[in-house]
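Just so it is clear: chains get the letters A, B, ... in the order the sequence lines come, proteins before strands, and each one is counted from 1. Hydrogens, waters and symmetry mates play no part in the numbers below; they use all other heavy atoms, side chains included. Keep in mind it's a predicted model, so treat the numbers as computed, not measured.
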Amino acid sequence: MDTYSPTEVEAKWQSRWDELGTNLFSRDDLATAEKPYFNLMMFPYPSAEGLHVGNIYAYTGADVWGRYQRLKGHDVFQPMGFDAFGIHSENYALKVGVNPNDLIPSNISNFTRQLRRIGAMFDWNHTVDTTDPNYYRWTQWVFLKLFEAGLVEKREAPVNWCPSCKTVVANEQVIQGLCERCDSAVEQRQIEQWFLKITNYAQRLLDGIENIDWSSRTLTAQNNWIGRSEGADIDFPIVGRDESIRVFTTRPDTICGATYMVLAPEHPLVDALTNDEQRETVEAYVEQAKRLDLKARQYVDRPKTGTWIGAYCENPITGAQMPVWVSDYVLIEYGTGAIMAVPGHDERDFEFASTFDLPIKRVIARDSSNNAGLMTEAYVGDGLLVNSGEFDGLSVAEGKRAIVQKLEANSLATGQVRYRLHDWCISRQRYWGPPIPIIYCDDCGAVPVPEADLPVLLPRLEQFKPDDSGDSPLARDTEWCSTACPECGGAGTRETDVSDTFLDSAWYFLRYPCTDTDEVALDVDMVKKWLPVNSYIGGHEHAVLHLLYARFVTMAFHDHGILDFAEPFEKFRAHGILSKEGRKISKSRGNVIIPDDLISEWGADTVRLYLMFLGPFEQGGDYQESGIRGPSSFLERLALSVAEASDGKGDEQVLQAMHRTIDKVSNDIEQLKYNTVISALMEYLNVVREGGRTCSKQELEPIIVMLAPFAPHLAEELWERLGHNSSIFESGLWPEADPELAKVETFEIGVQVNGKLRGSISVTADTSEDDAMTLARSNERVATHLDAGEVRKVIYVPGRILNVVVN
RNA sequence: GCGGACGUGGCGGAAUAGGCAGACGCAUCAGACUUAAAAUCUGACAAGAGACAAUCUUGUGUGGGUUCGAUUCCCACCGUCCGCACCA
């Protein structure tokens with residue numbers, strides 16, 4: 001058919017957009033835009049395989065949003081970049097034996113080609129590539145600013161260590177406790193690493209959730225991840241020593257039910273408190289706990305293990321003596337690394353006590369009927385305090401207050417809020433990342449690299465594989481390592497760890513509007529004009545890490561006077577996941593969809609339209625090979641209609657349907673319900689073409705504008721064929737529904753008798769109940785059912801339903 | 001285990017301040033056009049009963065409840081998917 005050839009139309013408009021700079025901003029454009037709208041989407045890791053169909057799904061949905069905003073008259077800035085550093089790229093480079101320095105550029109050019117092909121309106125003048133020294137120079141600058149703000153700290157932390165490869169291995173390289181490469185058991189080791197103190201911002205990050213418009217499941221995930229708990233720190237005096245064990249608990253009300261204490265294996269007091277008889281057992285246990293890799297340690301289903309260390313504590317309320325145990329179910333990184341165990345009211349403690357025959361005591365009763373007898377499981381519900389001496393009869397909430405108050409009076413407790421959130425470890429003992437800009441000097445210690453000396457270039461290493469030295473590969477380049485101390489000018493050595501990829505992506509959105517300058521990281525005026533981001537669309541898998549880190553960096557920069565806003569993304573929406581014929585798409589299943597082939601066969605517009613038609617964008621959809629015919633023939637029919645359209649005025653009935661369609665589409669697109677937007681457009685085209693009628697241009701123009709976000713090339717083409725000579729995206733053409741025309745005058749409503757549909761009548765908005773009943777009676781079928789008994793009640797909801805109760 | 005989302009024809013999915021279940025599309029079948037095929041157009045398409053007509057009955061995971069009326073609200077259960085995983 002010569003009315004529509006996707007290949008020609010798409011090539012024509014893509015090159016015209018390039019020629020006219022339709023989607024590009026000059027520095028001046030950025031500075032003078034009147035209605036700035038920053039439409040952001042998560043930048044990809046440029047893999048060697050090329051764009052995944054899931055990427056295309058996400059970017060199309062985000063592009064639809066951007067193009068829609070543009071049709072509403074905004075100046076939409078929609079940049080794209082590449083998150084090319086990181087262990088992903090490095091592992092792949094190792095696998096194929098190519099240096100990542102050589103691999104990344106060709107991957108990026110392939111991605112760029114594919115991204116252009118889907119016809120998204122990216123501003124290719126403002127891209128970022130995290131591996132470009134002109135970018136990571138500023139990533140290092142971000143680190144220095146956080147350092148200045150006192151948010152960087154070096155301390156010991158555990159890493160997974162493979163004793164056979166003699167190297168640090170990342171969590172994702174540990175498969176069921178074994179090293180991915182050599183299958184030997186991985187253990188943990190303590191090494192010095194750099195941390196960003198995100199926990200300083202735990203409460204602020206939590207509070208900020210109130211003021212941002214994000215997908216609720218994303219906010220829930222952040223809320224849970226930050227994990228605020230209110231409770232108390234309580235000191236338990238150690239018997240026979242002038243020292244105590246401090247625990248954190250959210251249930252001080254259950255203190256009288258505490259029957260033993262537990263220390264984490266790494267707790268400093270373990271060694272000090274262990275007596276001679278127990279020493280051998282305890283040391284063996286601690287050693288064994290240490291050998292577990294970081295992942296296996298977190299396995300909940302493992303049976304509880306542990307051993308008594310030969311010491312006792314005194315319960316500060318009851319004065320009872322309680323044995324002190326060591327067990328790996330207590331984690332050193334949370335709270336104080338020690339707990340008071342209340343087996344009667346904590347499931348984990350109950351399991352442990354049952355295993356080791358420790359006493360289980362009830363101190364909370366739901367009511368008087370269950371305060372006696374043997375406990376068969378931990379009771380974690382609400383109730384009243386029992387077996388708690390002077391506190392008996394108090395509710396859980398009252399008990400918490402009363403007990404903490406009493407202990408506070410004796411300086412044995414303080415109210416305490418704790419978070420599960422951990423500080424962000426950014427050290428990676430790897431090659432493919434930005435070197436952390438620190439120089440070690442024997443006299444001055446760890447000194448940050450002066451801003452003027454940035455970037456600290458990542459040297460090209462031919463041997464970038466982690467080796468058995470235990471150090472990062474950069475340590476092998478001794479020439480690179482040795483430098484002068486910036487403070488005293490003496491001999492210095494560079495930090496050889498690189499930073500986490502998440503640091504690259506924690507600030508990239510700030511850089512996009514600033515890429516016209518290499519002088520500074522952030523161009524103050526541009527940042528002021530374009531940020532915070534108006535809309536961010538991306539995968540839900542980044543709900544906690546990336547999205548939290550970006551918020552943290554933004555808040556820290558706000559407090560440090562660099563930014564004048566504290567939240568980076570006003571609005572965030574998580575898109576859904578695409579499946580294929582009901583199954584997850586994955587390489588291992590062998591059901592991947594090759595985007596290039598699909599576009600060659602159907603054209604980018606059809607592919608875009610189909611992907612958006614599959615289901616609600618925020619929920620994802622199921623891709624089925626045959627389904628693409630529908631959207632494809634829809635576009636063809638539309639092109640055909642334009643070719644045949646007359647100049648005359650539109651039919652009144654059709655125009656009414658058109659305004660109802662405009663109304664529905666405008667509502668649904670705001671909610672990202674692209675699937676129903678498309679079905680509404682299809683439905684309208686069916687009305688326009690009904691019975692093979694000839695349509696008019698007036699009936700078609702708005703539908704082409706509304707289709708433009710989904711099928712931009714064809715929309716441009718048809719717009720031109722209808723006699724317009726500027727781009728459809730240039731002048732805020734989004735149609736507005738005329739409420740008078742969109743209004744439905746007469747409509748069919750159902751008539752029910754005893755809740756069962758028996759017919760329908762045609763009414764207007766102001767038809768009275770009596771008139772409706774008369775109309776209903778004139779329907780033979782309804783009348784039969786009405787005559788079966790006596791009318792007891794009539795429910796008439798104008799415009800909705802008429803229901804008659806008869807018996 | 002905890003948290004979140006969800007369960008509707010052969011399939012993807014519509015419809016929830018409670019009001020005609022199955023929009024739109026795929027697949028399938030029949031017809032028109034065609035020498036033929038493709039494309040296009042027209043029509044049928046939840047299940048069962050029925051003179052295969054009118055019509056009736058059943059039907060939104062299962063079982064209860066509220067209501068004139070429930071896919072939508074409430075309770076219990078079953079199942080699927082996704083997070084987090086011993087956070088005291």
Side-chain angles (χ1 to χ4, degrees), chain A residues 1 216-218 220-221 223-225 227-229 231 247-251 254 258 262 264 295 297-302 304 327-331 333-342 345-349 351-352 418-422 540-541 543-544 576-577 579 581-582 584 610 613-616 618-634 636-637 640 673 675-686 689 691-692 747-761 780-781 784 792-797 799-806:
Chain A
M1 185 189 303
S216 66
R217 58 185 181 140
T218 312
T220 306
N223 207 351
N224 294 340
W225 187 262
R228 178 189 157 105
S229 300
V247 306
F248 171 67
T249 178
T250 54
R251 296 295 304 273
T254 62
V262 189
K295 248 162 85 185
R297 173 76 185 269
Q298 296 171 342
Y299 236 64
V300 186
D301 295 339
R302 281 166 51 232
K304 296 275 181 287
S327 171
D328 66 6
Y329 84 93
V330 173
L331 309 173
E333 63 268 23
Y334 185 75
T336 60
I339 61 158
M340 65 173 201
V342 185
H345 305 284
D346 180 282
E347 284 164 17
R348 297 149 303 177
D349 297 346
E351 194 191 329
F352 189 84
R418 293 199 185 264
Y419 304 88
R420 319 172 39 158
L421 184 67
H422 289 45
H540 191 249
E541 68 274 18
V544 288
I577 305 282
S579 58
E581 262 105 41
K584 202 171 154 177
Y610 181 48
F613 183 60
L614 290 174
E618 291 183 79
Q619 277 163 52
D622 191 56
Y623 177 90
Q624 302 186 342
E625 202 79 54
S626 60
I628 198 165
R629 297 184 153 279
S632 168
S633 69
F634 167 70
E636 279 180 22
R637 285 200 305 277
L640 202 62
K673 286 156 95 178
N675 57 331
T676 55
V677 167
I678 295 165
S679 70
L681 295 176
M682 288 173 166
E683 216 170 335
Y684 175 62
L685 188 65
N686 289 344
R689 292 173 60 82
F747 29 87
E748 297 276 304
I749 66 165
V751 178
Q752 296 180 335
V753 178
N754 291 340
K756 281 189 179 145
L757 185 73
R758 298 300 179 183
S760 65
I761 54 174
E780 208 176 306
R781 209 179 132 204
T784 323
R792 295 284 176 197
K793 195 176 176 184
V794 176
I795 295 109
Y796 176 54
V797 186
R800 294 280 191 182
I801 199 87
L802 176 66
N803 187 16
V804 186
V805 186
V806 165

Notebook entry, point to check: Taking side chain as C-beta onward, heavy atoms only, is A:T336 less than 4.5 Å from A:R418?
Noted result: yes
Any A:R637 side-chain N or O less than 4.0 Å from OP1/OP2 of B:A39: no
Of the listed B:C84, B:C20, B:A88, the closest approach to the A:L757 side chain comes from B:C20
A:Y684 atom OH is separated from B:A14 atom C1', nearest whole Å, by 21 Å
Which of B:A88, B:A85, B:U57 is nearest the side chain of A:V330? It is B:A88
Checklist entry - B:A14 phosphate, OP1 or OP2: any side-chain N/O from A:N675 under 4.0 angstrom? => result yes
Requested in this report: Can you tell me, in whole Å, how much space there is between the P of B:G31 and that of B:A38?
Outcome: 13 Å
Less than 4.5 Å apart, side chain to side chain, heavy atoms only: is that true for A:D349 and A:I339?
yes
A:I795 CD1 to B:G18 C1', in whole Å, measures 13 Å
Taking any heavy-atom pair under 4.0 Å as a contact, classify A:E748: base, sugar-phosphate, or nothing. base
>> Would the base of B:C81 count as contacting A:K584 through its side chain, where contact means a donor and an acceptor less than 3.5 Å apart?
In response: no
When rounded to the nearest 0.5 Å, the distance separating CZ of A:F613 from OG1 of A:T676 is 10.0 Å
The nucleotide from B:C20, B:C24, B:C86 with an atom nearest the side chain of A:M682 is B:C24
A:F613 atom CZ is separated from B:A23 atom P, nearest whole Å, by 12 Å
Regarding the side chain of A:R758, the nearest nucleotide among B:G13, B:C68, B:U57 is B:U57
Regarding the side chain of A:S679, the nearest nucleotide among B:U57, B:C26, B:C24 is B:C24
Quick note, A:S626 side chain, CB onward, closest among B:C41, B:C84, B:A27 is B:A27
From the candidates B:A15, B:G25, B:A88, the one with an atom nearest any side-chain atom of A:N686 is B:G25
Rounded to the nearest 0.5 angstrom, the CG-OG distance for A:L640 and A:S633 is 11.5 Å
Walking RNA chain B from its 5' end, the first of A:R420 and A:D622 to be reached, judged by nearest nucleotide, is A:D622
| message | Does A:S216 reach a base, just sugar-phosphate, or nothing at all? Heavy atoms under 4.0 Å. | response | nothing
Whole-Å distance, A:N803 CG to B:U67 P, equals 15 Å
Next on the checklist: Counting only side-chain nitrogens and oxygens, does A:R781 get under 4.0 Å of the OP1 or OP2 atom of B:C56?
Outcome noted: yes
With syn meaning chi within 90° of zero and anything else anti, the base of B:G31 is anti
Q: Take atom P in B:G12 and the same atom in B:A27, then report the distance between them in whole Å.
A: 15 Å
Checklist entry - Has A:R629 got a side-chain N or O lying under 4.0 Å from the OP1 or OP2 atom of B:A27? => result yes
Regarding the side chain of A:R217, the nearest nucleotide among B:C26, B:G4, B:C20 is B:G4
Between B:C20 and B:G69 - P atom distance, rounded Å
15 Å
Note, RNA chain B 5' to 3' with Watson-Crick or G-U pairs under 3.5 Å encoded as ( ), [ ], | and . gives (((((((..(((......[....))).(((((.......))))).((((.....))))..(((((..]....))))))))))))....
Out of B:C41, B:G3, B:C68, minimum distance to the side chain of A:T220 belongs to B:G3
* Would you tell me if any nitrogen or oxygen in the side chain of A:S229 comes within less than 4.0 Å of OP1 or OP2 on B:A88? => yes
- Item | Whole-Å P distance, B:C81 and B:G18 | 32 Å
- Spacing of the P atoms in B:A49 and B:U42 (rounded, Å): 33 Å
Margin query: By the 4.0 Å heavy-atom rule, please label A:Q752 as base, sugar-phosphate, or nothing.
Written below: base
When rounded to whole Å, the CG to P distance for the pair A:L421 and B:A85 reads 12 Å
Spacing of the P atoms in B:U67 and B:A14 (rounded, Å): 32 Å
Open item on the list: Taking only the P atom of each, what is the distance from B:G65 to B:G59 in whole angstrom?
Closed with: 14 Å
Rounding to 0.5 Å, atoms CG (A:N686) and OG (A:S679) come to a distance of 10.5 Å
Quick one: does A:V805's side chain get under 4.5 Å of A:N754's, heavy atoms only? yes
- Taking the side chain from A:E581 and the backbone from A:E625, do they hold a donor-acceptor pair closer than 3.5 Å? yes
- Message: Can you tell me if A:K793 touches the phosphate of B:U67, counting only side-chain N or O atoms and a distance under 4.0 Å to OP1 or OP2?
- Response: no
To the nearest 0.5 Å, atom CE of A:M340 lies from atom CG of A:D346 at 9.5 Å
- Item | A:Y796 and A:I749, any side-chain heavy atoms less than 4.5 Å apart | yes
message = What contact category does A:I339 fall into here, base, sugar-phosphate, or nothing, at under 4.0 angstrom with non-hydrogen atoms?
response = base
Walking RNA chain B from its 5' end, the first of A:G621 and A:D346 to be reached, judged by nearest nucleotide, is A:G621
cation_pi(A:K304, A:Y329) dist<6.0 Å, angle<=45: yes
Among the nucleotides B:G12, B:A15, B:C68, whichever has the atom closest to the side chain of A:V805 is B:C68
